[in-house]
Participant: 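The structure under discussion is supplied below as structure tokens; questions concerning it will follow.
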Number of protein chains: 2
Amino acid sequence: MRIVSAAELRRSKSSADQSATWLNSIIKGDCVAALEALPANSVDTVFADPPYNLQLGGDLSRPDQSKVDACDDHWDQFDTFKAYDDFTRAWLLAVRRVLKPNGTIWVIGSYHNIFRVGTILQDMQFWILNDIVWRKTNPMPNFRGRRFTNAHETMIWASRDQDAKQYTFNYDAMKMANDDVQMRSDWVFPICNGGERLRGADGKKVHPTQKPEALLHRVLLSSTQPGDVVLDPFFGTGTTGAVAKRLGRHFVGIEREQDYIDAASARIEGIRPEPIAQLVVTEGKKALPRVAFGALIETGYIAVGDVLQDSKKRWQATVRLDGSLDCNGETASIHRMGAKVQELDACNGWTFWHVDKGDGFLPIDDLRRQYREKLGAAA
Amino acid sequence: MRIVSAAELRRSKSSADQSATWLNSIIKGDCVAALEALPANSVDTVFADPPYNLQLGGDLSRPDQSKVDACDDHWDQFDTFKAYDDFTRAWLLAVRRVLKPNGTIWVIGSYHNIFRVGTILQDMQFWILNDIVWRKTNPMPNFRGRRFTNAHETMIWASRDQDAKQYTFNYDAMKMANDDVQMRSDWVFPICNGGERLRGADGKKVHPTQKPEALLHRVLLSSTQPGDVVLDPFFGTGTTGAVAKRLGRHFVGIEREQDYIDAASARIEGIRPEPIAQLVVTEGKKALPRVAFGALIETGYIAVGDVLQDSKKRWQATVRLDGSLDCNGETASIHRMGAKVQELDACNGWTFWHVDKGDGFLPIDDLRRQYREKLGAAA
DNA sequence: ACTAAGGCTGAATCACAAG
DNA sequence: ACTTGTGATTCAGCCTTAG
């Protein structure tokens, strides 16, 4: 595990292969300074678990009078909302610079801080794609009986800009992982506990807020591709790095505390990546090569003059040389013509139009599939 | 159903029974103007379902090209985040004035607006008690396959001030309603559909975002008492009013659109309140009359000189005439002595100390219960 | 060996009244 | 506004110890 400082990183900026300095490394130092030492547009996805600014009062006792081990670390202390907002804007601004135009960012938080994070993200022109609720199977109860059990945390998933439409979302992989129905915005996972929880020699937890690997697994599987660069500016004990390595993604972690760096480093060293073949996820039609209707004419799947009809044979149109259809003297693409005859705004011509070939009356989408299979075999 | 304007309301301000003008009424008009016509500190709980500031570019179509009946009403359009923030601050400020010091507010929203609402609530010194996730059993799918199914909405529950500790939370009623475990921050309900959904003569839904009554039922049951005043500044078709009336709470609705007022008015007229007896909810021990330990001595349940022991008989103490305990020459109350022998900060002496009576070795809390039952029988 | 019982703990903005 | 005393309050999961 390579551990570098922001200063070293800046010196290496002129080197030919500067990425070798920081890829799959932990950068020790302040988050903003470290981010400023990274090249612009170099990161595909950011996962950030910033301080929550809990603002806890006195001690909290359980009904048996034992004390709750609160998250009272110095890094979670902010004097005012304004101080927290300034901190948040600073690191988000630095993150925005290193993020690729089609990159996305995840931020996790609780009601103490997530509203402020969300507002600042929107103000900075990030475009929220979803808010995801992590429902905990085993949250800490409310001991005083004065509120509802705080049983969830919230993640915001956002693209860098409103018009960034090419971000990665492995829709079909998510659907596959969710028993063939769309993955929802509420996810259920237990909190990090048991063997996964890193503990020191004294048996105490190394980090007060270690996240479960299952959570990061779904995050990275849904929104990154193998070989992508995943940045975590609040690396902690390195859950993001561990899961990224296992899933064949590159990671960059930024962390100030040496204890956390030591734990993360040892942890990630022990991770073995999944075999490449198993990293391939289900892909939908969107990832398939686009096929122009005209290509089917060029290759003989469809002949000029063929008559296309809808499944119930209510309408018919004739194929022209340029791939347009002729219907009662009007010409248009397969999609526009389908829409026109049905008097709709739009229509998927591939599934609407059918053709009578030797094998029967079939949608032209079947011919497209045959064409693609032949393409794949040739490659 | 009484329907009044903000102007009428202002004129009635000097009348002896001004509340008769607005209680269980719909105020027609702008939300801020109407709120300013209401007396300060007059509302126990606010439920607000403000415009969501949905940023829908163009129309949204399903895969079969039918149109999604999107929420594109003019009242849901805000040009910029700043305009939405100004609007939000204005109505929250007006709400704050009419809210009682120990009142609470609920605001529901989606990721389009809830982060801004949460930030402004915090900036205005409201104190967030919980964020509640409404998980929809039947959300609208994501038709484009570019995001996770947006399957939840978020509610923020907040008190007026950080130090307002006397807000209503019917902890035991919620626990009872949740199979005897604490109610969590994630609630599951179907969206409002079927017979509950108000539709016009044309079969179209009257309001685009009608909330399910089950959601309001839990909101009001958890955080209000019978007879409380519940204000909804964006009344719409009056779900808040309908549930409030059914549960024996008073309501005040504010609404601009006459169509919604008509629908809400007819709807609420048809509601029959639950019988008073059924409105009583489970209460915790806090609501029981306080019993001094000395009273048990006065009435003979405990005798001076009786020996009290903890459940495992590790410690023992002797009862003194004034209700204090003697343990190795030291004297203290049942609670302080229990804490002292266990070397804890605090202890509930009623459940810690046991006594051997004819019926067995029982906690003195049992004797307190017997005493209370006799008190109740006498009353 | 295995089962049962009990202990421990987790991002928590966690009481209320009387004096 | 402050201190002091009473006494109300926990779920799921893992781990250790007892049987």
Side-chain angles (χ1 to χ4, degrees), chain A residues 49-73 75-78 81 84 108-114 134 136-154 190-197 199 203-205 207-212 234 236, chain B residues 102 122 126-131 158-159 162-167 169 171-172 175 178-185 283-288 290-294 312 323-324 332-339 345-353 364-365 368:
Chain A
D49 182 11
Y52 284 13
N53 191 23
L54 287 189
Q55 305 171 36
L56 302 177
D59 285 337
L60 178 64
S61 296
R62 301 170 192 273
D64 66 0
Q65 299 303 326
S66 67
K67 289 270 185 293
V68 172
D69 183 13
C71 176
D72 53 1
D73 300 68
W75 48 255
D76 197 43
Q77 311 292 323
F78 293 86
F81 282 131
Y84 187 80
I108 185 167
S110 66
Y111 66 85
H112 310 84
N113 71 321
I114 199 67
W134 167 28
K136 303 177 184 182
T137 56
N138 48 351
M140 192 188 297
N142 182 291
F143 294 120
R144 292 299 183 119
R146 296 297 296 147
R147 304 179 178 198
F148 298 95
T149 303
N150 191 10
H152 73 275
E153 294 187 27
T154 301
I191 59 178
C192 183
N193 230 326
E196 188 186 329
R197 187 89 196 206
R199 293 182 189 279
K204 288 186 179 165
K205 53 193 178 192
H207 193 281
T209 68
Q210 186 183 338
K211 295 292 175 286
F234 305 96
Chain B
N102 280 298
Q122 289 180 316
F126 285 96
W127 192 247
I128 298 180
L129 299 168
N130 279 114
D131 59 333
S159 60
Q162 177 175 0
D163 57 359
K165 303 289 188 187
Q166 308 285 327
Y167 60 86
F169 178 55
Y171 173 81
D172 294 279
K175 187 170 175 175
N178 196 39
D179 292 342
D180 270 333
V181 292
Q182 293 186 339
M183 187 68 79
R184 297 166 42 114
S185 56
E283 291 196 356
K285 288 186 186 165
K286 277 192 187 130
L288 296 176
R290 187 175 165 274
V291 173
F293 182 62
K312 295 185 180 171
S324 62
S333 72
I334 53 172
H335 309 296
R336 293 304 322 146
M337 188 59 79
D345 287 342
C347 166
N348 182 345
W350 290 109
T351 52
F352 178 74
W353 294 111
I364 57 175
D365 202 29
R368 179 171 64 162

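Model, not experiment: these values are computed from the prediction. For the numbers below, each heavy atom of this structure counts, side chains included, while hydrogens, waters and symmetry mates do not.
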Participant: In what stems does DNA chain C take part, counting only runs of at least 3 consecutive Watson-Crick or G-U pairs whose two distances fall under 3.5 Å?
Facilitator: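 The stems that DNA chain C takes part in, listed by first number, are C:2-10 with D:11-19, C:15-19 with D:2-6.
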
Participant: Answer with yes or no whether the side chains of A:His112 and A:Ser110 bring together a donor and an acceptor at under 3.5 Å.
Facilitator: yes

Participant: Show your reasoning for whether salt bridge (charged side-chain N to carboxylate O under 4.0 Å, His left out) applies to A:Asp69 and A:Lys204.
Facilitator: CA-CA 10 Å; A:Asp69 183 13; A:Lys204 288 186 179 165; over 6 Å; no

Participant: Determine the interplanar angle of the A:Trp75 and A:His207 rings, folded into 0 to 90°, and report it as parallel if under 30°, tilted if 30 to 60°, perpendicular if over 60°.
Facilitator: parallel

Participant: Could you work out the separation of D:dT9 and C:dA11 based on their P atoms and round it to a whole Å?
Facilitator: 25 Å

Participant: Please give the distance between the P atoms of C:dA18 and D:dA8 as a whole number of Å.
Facilitator: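 15 Å, rounded to whole Å.
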
Participant: What I want to find out is whether B:Asp365 reaches B:Arg368 closely enough, with some N-O distance under 4.0 Å, to be called a salt bridge.
Facilitator: yes

Participant: Which part of the nucleic acid, if any, lies within reach of B:Ala292 when heavy atoms closer than 4.0 Å are counted: base, sugar-phosphate only, or nothing?
Facilitator: nothing

Participant: Scan B:Gly338 against the nucleic acid and name what it touches under 4.0 Å (heavy atoms): base, sugar-phosphate only, or nothing.
Facilitator: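 No contact at all - B:Gly338 keeps every heavy atom at 4.0 Å or more from the nucleic acid.
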
Participant: Just call it for B:Asp163: base, sugar-phosphate, or nothing, with non-hydrogen atoms closer than 4.0 Å on any strand.
Facilitator: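 Nothing, no heavy atom under 4.0 Å.
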
Participant: Looking at every strand, decide which applies to A:Asp69 at a 4.0 Å heavy-atom threshold: base, sugar-phosphate, or nothing.
Facilitator: sugar-phosphate

Participant: Which comes earlier along DNA chain D counting from the 5' end, the contact point of A:Gly194 or that of A:Ser61, where each point is its nearest nucleotide?
Facilitator: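 Its nearest nucleotide being more 5', the pick is A:Ser61.
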
Participant: Among C:dA12, C:dG10, D:dT9, which nucleotide sits nearest the side chain of A:Arg144?
Facilitator: D:dT9

Participant: Could you tell me whether A:Gln210 contacts a base, only the sugar-phosphate backbone, or nothing, with contacts defined as non-hydrogen atoms closer than 4.0 Å?
Facilitator: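 Counting heavy atoms under 4.0 Å across all strands, no contact is made by A:Gln210.
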
Participant: So what does B:Cys347 hit on the nucleic acid, given a heavy-atom distance under 4.0 Å: a base, only sugar-phosphate, or nothing?
Facilitator: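 Base contact.
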
Participant: Mind checking B:Leu129 for me? I need base, sugar-phosphate or nothing, with any heavy atom below 4.0 Å counting as a touch.
Facilitator: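 Nothing: the residue B:Leu129, judged by heavy atoms under 4.0 Å, touches no strand.
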
Participant: With a non-hydrogen cut-off below 4.0 angstrom, is A:Gly195 in contact with a base, only sugar-phosphate, or nothing?
Facilitator: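 Sugar-phosphate, backbone atoms only, no base.
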
Participant: What nucleotide among C:dC14, D:dG7, D:dT9 has an atom nearest to a side-chain atom of A:Asn142?
Facilitator: C:dC14

Participant: From C-beta outward on B:Gln166, which listed nucleotide comes closest to its side chain: C:dA17, C:dA11, D:dT10?
Facilitator: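 The nucleotide sitting nearest to the side chain is C:dA17.
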
Participant: Assign each of A:Asn193 and B:Lys286 to its nearest nucleotide of DNA chain C by heavy atoms, then name whichever residue's nucleotide is nearer the 5' end.
Facilitator: A:Asn193

Participant: Quick one: pull up CD in A:Gln55 and CZ in A:Phe78 and give me the separation to the nearest 0.5 Å.
Facilitator: 10.5 Å

Participant: Looking only at side-chain N and O atoms, does A:Lys205 come under 4.0 Å of OP1 or OP2 in C:dG10?
Facilitator: yes

Participant: Is A:Arg146 near enough to C:dC16 that one of its side-chain N or O atoms lies under 4.0 angstrom from OP1 or OP2?
Facilitator: yes

Participant: Check every strand shown and say whether A:Gln65 touches a base, only sugar-phosphate, or nothing at a heavy-atom separation below 4.0 Å.
Facilitator: base

Participant: Where the side chain of A:Gln210 meets the backbone of A:Glu196, is there a donor-acceptor pair that is under 3.5 Å apart?
Facilitator: yes

Participant: State whether B:Tyr167 and A:Arg147 meet the cation-pi test: NZ (Lys) or CZ (Arg) under 6.0 Å from the six-membered ring centroid, and within 45° of the perpendicular axis.
Facilitator: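 No, A:Arg147 and B:Tyr167 do not form such a contact.
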
Participant: Just to be sure I understand the rule, does A:Ser66 reach a base, reach only the sugar-phosphate, or reach nothing, if contact means heavy atoms closer than 4.0 Å?
Facilitator: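 The answer is nothing, as A:Ser66 stays clear of every strand by at least 4.0 Å.
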
Participant: Any base atoms under 4.0 Å from B:Arg368, or only sugar-phosphate, or nothing? Heavy atoms, all strands.
Facilitator: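 Result for B:Arg368 = sugar-phosphate.
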
Participant: Considering only atom P, compute the distance from D:dA12 to C:dC14 and round it to an integer number of Å.
Facilitator: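 Result for the P pair: 23 Å, nearest Å.
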
Participant: Do side-chain atoms of B:Gln182 reach the backbone of A:Asn142 as a donor and acceptor pair under 3.5 angstrom?
Facilitator: yes

Participant: Tell me what A:Pro139 touches on the nucleic acid: a base, only sugar-phosphate, or nothing, going by heavy atoms under 4.0 Å.
Facilitator: base

Participant: Go through D:dT6, D:dT10, C:dA12 for me and flag the one nearest to the A:Phe143 side chain.
Facilitator: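 Closest of the options to the side chain of A:Phe143: D:dT10.
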
Participant: Compare all side-chain heavy atoms of A:Glu153 with those of A:Lys136 and state whether any distance is below 4.5 angstrom.
Facilitator: yes

Participant: With heavy atoms under 4.0 Å as the rule, sort A:Asn150 into base, sugar-phosphate or nothing.
Facilitator: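 Sugar-phosphate contact only - A:Asn150 comes under 4.0 Å of backbone atoms but never of a base.
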
Participant: Name the nucleic acid region contacted by A:Thr137, choosing base, sugar-phosphate or nothing; use a 4.0 angstrom heavy-atom cut-off, strictly under.
Facilitator: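 Counting heavy atoms under 4.0 Å across all strands, the contact made by A:Thr137 is with sugar-phosphate only.
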
Participant: When the C1' atoms of D:dT6 and C:dA12 are considered, how many whole Å apart are they?
Facilitator: 24 Å

